[in-house]
Colleague: 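Mind having a look at this structure? Questions to follow.
Per chain, numbering begins at 1; letters A, B, ... match sequence-line order.
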Protein chains: 2
Amino acid sequence: MTFNQIFERFSSRYLPASLSDAAMMRFRALGRALPVIREAPVSLDENADHLVYVCSGATKLVAHASAGRDQVVAFHFPDELIAVPARAEHSYTLYTVSPSELLVFDYADFADLARGEPAVLRMLLDCARKSLGRCRDKSLALGRKTAPERLAGFLVGMAVRIGAPQDDITFLDLPMSRRDIADSLGLTIETVSRQFTLLREQKIIETVGKSGVRIRDLLALEARAGYLIEAA
Amino acid sequence: MTFNQIFERFSSRYLPASLSDAAMMRFRALGRALPVIREAPVSLDENADHLVYVCSGATKLVAHASAGRDQVVAFHFPDELIAVPARAEHSYTLYTVSPSELLVFDYADFADLARGEPAVLRMLLDCARKSLGRCRDKSLALGRKTAPERLAGFLVGMAVRIGAPQDDITFLDLPMSRRDIADSLGLTIETVSRQFTLLREQKIIETVGKSGVRIRDLLALEARAGYLIEAA
DNA sequence: CGGCCTATTGATTAGCCTCAACCCACGTGG
DNA sequence: CCACGTGGGTTGAGGCTAATCAATAGGCCG
């Protein structure tokens, strides 16, 4: 895919139609296309914040702690926009999880340019707030939920984001490895694997190869996810 | 403190000086002062997002899971601005942790009004991004760090935010209870208490009554917090 | 001074991690 | 074409951290 095609997708999704051609050109000048890569860290300058548009593929944002411990802070799928922070007291790295086409901006430059375009600022704000909401939900899961609840919640979330409904079954093709899932849920790969087995034994899901999951009973998954039940 | 005084503080900190009087009045019209309350939930309409300015006191934003499990998503101290989300798949509640004076806005109304004021939008964006950064750090701690690391990281963070340096010692007056700390760190009160005891035994901190902490060795705390050490 | 709530300390348990073996799909080269 | 190697995933046994259950101590109020 050419840079122009990628930018076109990005702008039609995230830039207002009302934007002048001149302004559009200025945003375009800030973008840099990153080619398809297989499961690799995305090389970004660690001293600056970045804005990354996922055109195709999938990525994970990973936070690093001492002793080689990693925490996947978020996964991203096609047509999503991510803010990647510069190195701070914890350092963060963006990785592709499957072959991907990315569009990268320097965050500060982009935001400065958006100063003259309230609709773009508003879009950045909505984007940050959506990430914040997801991150808060993740904090709740990591701090207070059990392993079965975490995996159930993960699968429900993936079903919403990348699930393919077929009849009353939802099919998932998970692009990330068991290790990625474990690092996202704050568990080990063994625990994740055991939870998959339990869900399989209870006929709630079926697994197809390494990455396929057929969700047979989405309601059962939701019931397991530990969401607060509203008293009627 | 009167509404006018509270709004004045808020506007001098968060609204640009360049704002016209008319615009200022419109923002002011959206605000609602909430009086001093002792350790209580802040009553907000659960169906809308809110923007809350903490003028004095301290608050906690709590996410609720099933079975009465709570996770403190963030603490807030004077002069901070918070986005409180509406009820979603997890519900959130803002609580005061000590007597507080709050200024409350409807988020949608505020953001709509900010449409005409890029500087205000930019401020909201910076605010959301700061919260997101803190939340990501918290996810790392909850997912991958041990109990000693979590408490050390918590104390370092509090030292930065509300610590009073005295000579080479930092004094902390923690407004929140052990339960709040436990709910913030994804631990139990007993574990938090044991970790305080360990830090005391190792002469890294001293505790003064229930809420006072004297940090004698901030470097030792930082070393315990599990931050990624940069290879030179 | 007595009651009450929070914090601390102690003993035991449970859930997840660690370590280890095994399985399976896939790719490679003999 | 099949033996082999490799890397991810699954399964099993035992250990460890933090939770749970229970009791005591300490501030803070009347």
Colleague: Looking at D:dC21, C:dC16, C:dT8, which one has an atom nearest to any side-chain atom of A:Pro148?
Modeller: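 Closest nucleotide to the A:Pro148 side chain: C:dC16.
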
Colleague: My understanding is that only residues two or more places apart in sequence, or in another chain, count here; which of them pass side-chain contact (heavy atoms from CB on, under 4.5 Å) with A:Cys127?
Modeller: A:Leu81

Colleague: Distance under 6.0 Å and angle within 45° of the ring axis: does A:Arg178 meet both against A:Phe196?
Modeller: yes

Colleague: For B:Arg200, which contact category applies under a 4.0 Å heavy-atom criterion: base, sugar-phosphate, or nothing?
Modeller: sugar-phosphate

Colleague: Closest to the A:Thr197 side chain: C:dC17, C:dG10, D:dT10?
Modeller: D:dT10

Colleague: Without decimals, in angstroms, what is the distance between B:Glu39 CD and C:dT6 P?
Modeller: 8 Å

Colleague: Let me know the distance between CD1 of A:Ile189 and P of D:dT10, rounded to the nearest Å.
Modeller: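 Atom CD1 in A:Ile189 sits about 9 Å away from atom P in D:dT10.
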
Colleague: If the cut-off is 4.0 Å, is A:Arg194 near the phosphate of D:dT10, judged by side-chain N/O to OP1 or OP2?
Modeller: no

Colleague: Roughly how many Å is it from CE in A:Met176 to C1' in D:dG8, rounded to a whole number?
Modeller: 16 Å

Colleague: Which sits closer to the 5' end of DNA chain C, A:Glu190 or A:Thr146, going by the nucleotide each is nearest to?
Modeller: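 Nearest nucleotide further toward 5': that of A:Thr146.
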
Colleague: Using atom CG of A:Leu151 as one end and atom C1' of D:dT10 as the other, report the distance to the nearest whole Å.
Modeller: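 The distance from CG of A:Leu151 to C1' of D:dT10 comes to 14 Å, rounded to the nearest Å.
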
Colleague: Looking at D:dT10, I'd like to know if its phosphate oxygens (OP1 or OP2) sit under 4.0 Å from a side-chain N or O belonging to A:Ser193.
Modeller: yes

Colleague: In whole angstrom, give the distance that lies between atom CG of A:Leu142 and atom P of C:dG15.
Modeller: 19 Å

Colleague: Within less than 4.0 Å of OP1 or OP2 of C:dC17, is there a side-chain N or O belonging to A:Thr188?
Modeller: yes

Colleague: Quick one: is C:dC17 close enough that its OP1 or OP2 comes under 4.0 Å of any side-chain N or O from A:Thr191?
Modeller: yes

Colleague: In whole angstrom, give the distance that lies between atom CD of A:Gln195 and atom P of D:dG9.
Modeller: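 Taking CD of A:Gln195 and P of D:dG9, I get 16 Å after rounding.
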
Colleague: Whole angstrom is fine here: how far is it from CG in A:Leu187 over to C1' in D:dT10?
Modeller: 16 Å

Colleague: Is there a side-chain polar atom (N or O) of A:Arg179 under 4.0 Å from OP1 or OP2 of D:dG7?
Modeller: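 For D:dG7, neither OP1 nor OP2 has a side-chain N or O of A:Arg179 closer than 4.0 Å.
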
Colleague: One thing to verify: whether A:Asp183 and A:Arg69 come together as a salt bridge, which I'm taking to mean a side-chain N less than 4.0 angstrom from a carboxylate O.
Modeller: no

Colleague: Quick check on DNA chain D: between A:Thr207 and A:Arg144, whose nearest nucleotide comes earlier from the 5' end?
Modeller: A:Thr207

Colleague: Give the rounded distance in Å between these two atoms: NZ of B:Lys210 and C1' of D:dG27.
Modeller: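 The answer, rounded to whole Å, is 5 Å.
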
Colleague: Using a strict cut-off of less than 4.0 Å between a Lys/Arg side-chain nitrogen and an Asp/Glu carboxylate oxygen, indicate whether B:Lys130 and B:Asp126 qualify as a salt bridge.
Modeller: no

Colleague: When you check the gap from the basic side-chain N to the acidic O, do B:Arg161 and B:Glu80 get nearer than 4.0 Å?
Modeller: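 Counted as a salt bridge, because a side-chain N and a carboxylate O are separated by less than 4.0 Å.
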
